Engineer: 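The following block contains the structure, expressed as structure tokens.
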Amino acid sequence: MNKISFVLGLFFLVNSIFSMGCATKPYPIPAAYFAGDRDLSVDVIKISDKPLMRDSGQGGLIGVLVNAGRASKMQKIFDGIQGDTVKELLNQQLSDKLESAFFIEEDSEDLVLEVTTQNWGWYVPSTVLGIKTGSYQVEINGEVSVYDMQFPGKKKRERIGFTRSLSQAPLGNDPTSTATMQALLEAMTKFSEEVVNFLFTERGAVDVSATP
Amino acid sequence: MIAAMLSRASARSLVALVLTVLVPAGLSLATENPGLGFENLPFDELNRMEVRADEARHAFWSGSYTDSLEIYEEITKIKHPSTPLFLNEMAMAYIALGDMKSAERTLRDVDRMFRMYSAADIENKAISKFGEESEKIYKGDPYERAANALLLAFIFMDRGDYDNALAACKTGLLADSDAHENKYQSDFTMLHLMEAKLYQLRGQPDSAERGFEMAREAYFSSHPLVRDEFSQRREFIGLQGLSRKERKKLKIKESDAEIGGKILGLDASLTALRESIDAGSELGPLLTGEYNTLIIYPRGMGPRKSRTGTDGAMVRFTATETLFQPVTTQLDGVPPGSTPITNIADIDYQATTRGGRRMDGILAGQAAFRSTTVTVGSVITQVGQNAGGVIGLGMALVGAAIQGVAGAISPEADTRVWASLPASFEIYGTTLEPGDHEIVFSQSVYFEKLADHRITVQIEGPNDMAVVFAPPQLSGAFSKFVETEGDSKRRRKQRASSKTANIATTFLVPPPLGFQMIERFPAVKDGGKAKAFAVDDRKLTRAIQKALSAIHVGGRTVSHREIVAGVADLASGYPVAFQGALAGLDLETTGKKGTDEAYSATFEFSLVDTITGSVMVSDTITGRYVKARKDDASTTQVFYKCFDDALGRFLIAPEFSEVVRNVSQNATLGSL
């Protein structure tokens, strides 16, 4: 285990030197972490309290005004769903998918997966003057990092995996709150699947022990 | 001149006569068939009914069939475009209650409605004459029409009405095949098997033999080992039919010869696979007709539709892959001699394929196939008739900005679906001696056993048939989040609490019941905002473990999958299970100025004997939390506080303590 940690440490040191100052490229969790019994906790550390609207950004000032009108209507459609609801759902969805490889704990001292959402809410494809060119989409956009909290060395907490994802689900043109909720769940499921599938890319390299 | 006047008078009389006849006739036509007899309701109203229907569906899947029927009766008082759908759903509730007469009546009503507007000329009239209203009429996908016919066939067979049963089978087979372009026959195996058996019962052995051959063919082509390759083969055949321009659009680079080669390769593979399938052994008496009793097991929940594509204009099917606790059976006091046969009435498979070829979804009212659409929402190069859903949807402009009401029904995409159908029917066929026989079905919700369903079957003579339905699986009783548990391999480490000293006994702790993915404390007043929250089942089970540990009781968490896989194995090690279910949520304002919020969540907690399935102690407890104005706890955190409050009060109840004492004493005696 110590040798593996040393090699991993060297890898990350070199990686961090070469990636200093650059936007971080996504990288999956190394294969070694899938061997043996590892604990992992999931934490959504940043999420906006309210759903946010994003558009194509081509509408100019008039587009902003037009979309502002749409925004208040869409806020009502989300019907009381706030950031902490999305946080719990994300936590749940990610944990369900991560459980195939790790023991999910509440406060793990071994591995921690942190989610930082840039935005969640809806996207309006629009063009000049805010003309809507397609149906609303529910979307969630964020970054996910996995940390080893027992990493050898002074720092201890070392990032061992990273990825980004933007997931959308169609809402139609005039959605009801029921349809919105379903689309939100779908977008979160897609987000979780994409994230975990990428982070687990190297899992196949290890002969994971059978489920007890 | 008199002649001219008479002539004018005659002409006027004639005109008057014609008008007298034609105008009322025209009027009566307009009132007799305004939209084929359906009330013209706006999309808004139809969507509101869908919301109400969802409550009925939830009641159905939770086993409250009478409650479910009450709601359906309310929303089918008038005949409107969604009536056929709701009547179909009612039929499953009647079947679950054993009321076959009412089930037959509703299924026949739906069949009549389906027939009425499926004829091509009527359809054309409907589209041109009745416009928008006709777009909303629910006519059912082919698999739903076939399922309607299958259920009718079962009911008629049980009643001894073999002629009508045969007619129903033929209706189902026609619905499932491509009657318009004759591109494929039905692959609904059970309909073929039923047809063959009915020919036998009618004394037509040659027709029966042909029917069994068709059933064998259908079974081969729809067998799980064969399905994927069969579908691929049909896709390649479809590609061969495309023009050069279409292939270029779809970026298909293979030549005709290459595609032909792939088809030949698949042919060889399919031949080998067919030889490995022993239909006789797998289908048993169903393939020979040597049975006089059928037991029908609805398994799982049928497919749902959701929107997809950039404009949400395409509808695709999503299957619920979660496993639920099976219904156990006793036939004359013993379990049946073999297991029910699968893959002969696979509703999920029928919904997602056309003639064995997998669909991508339904786009503009027509089947859209994999690899034949450039991007979702644009070109369809393969069209299929009978794609179902809303008539006239093809007239809706795919991708255009249609301002309609989007929800279950809209001009964009109709996501209505027969939601009380199971994912499949599994069927057990056997021969019972003449006389009375008792069949007992038992259902459980995790470790708690519910009341048995008892049915008496009478076999009167050599040609008598009995068809019995097992109750549907109670998927509605379980929380929605078990559906995301899916096929993940849960690795549950037993927490240290179970190994702590002074642990008198250990309870099993299954996932909590009755939760949706998103729950809501209701709005305090009309027009106010509900407070939504999501629940992590792990946090709830951990809270239960922690609370049990504080009173020296261990808690071993078990997942939904583990329980479904085998209750008996788990029960052998642990005599008691701690089960909890959400029963209600409420929110009121309180405090001197009415600015504080009083949240309450009601739970049903039970201790269940895992061996017998009986409830040892149960209570309904409301947990409360008052959130002051300056309190920044989130709605989710507030819910957990309500849960902790309720749980704490249950654990200090004298009845609970007595059970723990008794169980601990038994455990101690057992270990001596």
Side-chain angles (χ1 to χ4, degrees), chain A residues 37 39 42 49 75-76 78-93 95-106 125 131-137 168-186 188-189 192 196 208-212, chain B residues 43 47 50-51 54 304 306-314 318 376-377 399 401-408 410-413 415 480-481 484-493 495 516-521 523 528-539 542 559 634-637:
Chain A
D37 300 339
D39 291 348
V42 177
D49 195 42
Q75 289 276 1
K76 283 182 195 163
F78 271 82
D79 194 18
I81 299 176
Q82 292 186 305
D84 76 306
T85 315
V86 176
K87 183 178 170 176
E88 281 292 307
L89 283 168
L90 258 184
N91 199 313
Q92 200 186 89
Q93 298 268 349
S95 299
D96 277 339
K97 284 149 184 69
L98 292 161
E99 262 186 332
S100 63
F102 303 109
F103 293 115
I104 304 299
E105 300 286 346
E106 201 152 347
I131 297 170
K132 197 156 83 61
T133 55
S135 69
Y136 290 105
Q137 304 275 329
Q168 294 179 331
L171 259 179
N173 286 307
D174 198 3
T176 60
S177 59
T178 309
T180 302
M181 202 170 75
Q182 285 169 349
L184 179 64
L185 289 169
E186 194 183 321
M188 277 197 278
T189 304
S192 308
V196 174
V208 180
S209 55
T211 308
Chain B
F43 279 116
N47 278 324
E50 269 295 303
V51 172
D54 268 348
R304 296 289 182 269
S306 60
R307 289 213 192 91
T308 187
T310 46
D311 296 324
M314 182 143 134
T318 48
V376 169
I402 295 172
Q403 293 303 315
V405 176
S410 79
E412 296 163 307
T415 56
K480 278 289 175 190
F481 39 65
T484 59
E485 194 182 303
D487 58 359
S488 68
K489 291 177 191 154
R490 278 207 162 175
R491 299 162 71 188
R492 292 199 171 267
K493 192 162 78 171
R495 295 187 67 83
Q516 301 297 314
M517 294 296 281
I518 298 176
E519 288 288 350
R520 283 181 169 83
F521 286 101
K529 251 191 190 174
K531 305 267 188 172
F533 64 94
V535 164
D536 186 343
D537 61 314
R538 292 170 197 80
K539 284 189 183 164
R542 274 198 286 265
S559 69
S634 67
T635 311
T636 306
Q637 288 169 328

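Everything numeric in this text was worked out from a predicted model, so none of it was measured.
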Engineer: What I want to find out is whether B/R538 reaches A/E99 closely enough, with some N-O distance under 4.0 Å, to be called a salt bridge.
Structural biologist: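 Salt bridge flag = yes for A/E99 with B/R538.
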
Engineer: Kindly determine whether B/Q516 and A/M181 satisfy side chain to side chain contact (heavy atoms under 4.5 Å, CB included), including the steps that lead there.
Structural biologist: CA-CA 11 Å; B/Q516 301 297 314; A/M181 202 170 75; over 6 Å; no

Engineer: Decide yes or no for B/I518 and A/T85: does some side-chain heavy atom of the first lie under 4.5 Å from some side-chain heavy atom of the second?
Structural biologist: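 In short, these two side chains touch, coming nearer than 4.5 Å.
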
Engineer: Tell me, for A/L185 versus chain B, whether the close heavy atoms (under 4.5 Å) come from the side chain, the backbone, both or neither.
Structural biologist: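 The side chain, not the backbone.
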
Engineer: Give a yes or no on whether the backbone of B/T636 and the side-chain of A/D84 come within a donor-acceptor separation of less than 3.5 Å.
Structural biologist: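 Answer holds: yes.
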
Engineer: Please identify, among A/Q182, A/E88, A/Q82, A/K87, the residue contributing the most non-hydrogen atom pairs under 4.5 Å to chain B.
Structural biologist: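 Heavy-atom pair counts peak at A/E88.
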
Engineer: Before giving the answer on salt bridge (charged side-chain N to carboxylate O under 4.0 Å, His left out), spell out for A/E106 and B/R542 the whole-Å C-alpha distance, their side-chain angles and the decisive distance to 0.1 Å.
Structural biologist: CA-CA 9 Å; A/E106 201 152 347; B/R542 274 198 286 265; 2.9 Å; yes

Engineer: Side chain, backbone, both or neither: which part of A/S95 has a heavy atom under 4.5 Å from chain B?
Structural biologist: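 Both backbone and side chain.
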
Engineer: Kindly indicate, with the supporting measurements, whether the criterion side chain to side chain contact (heavy atoms under 4.5 Å, CB included) is fulfilled by A/M188 and B/M517.
Structural biologist: CA-CA 12 Å; A/M188 277 197 278; B/M517 294 296 281; over 6 Å; no

Engineer: If you count heavy-atom pairs under 4.5 Å between each of A/L98, A/L184, A/L89 and chain B, which one has the most?
Structural biologist: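 Highest number of pairs under 4.5 Å: A/L89.
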
Engineer: Is a side-chain N or O of A/Q92 found less than 3.5 angstrom from the main chain of B/D537, in a donor-acceptor match?
Structural biologist: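 Judged by distance alone, no pair lies under 3.5 Å.
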
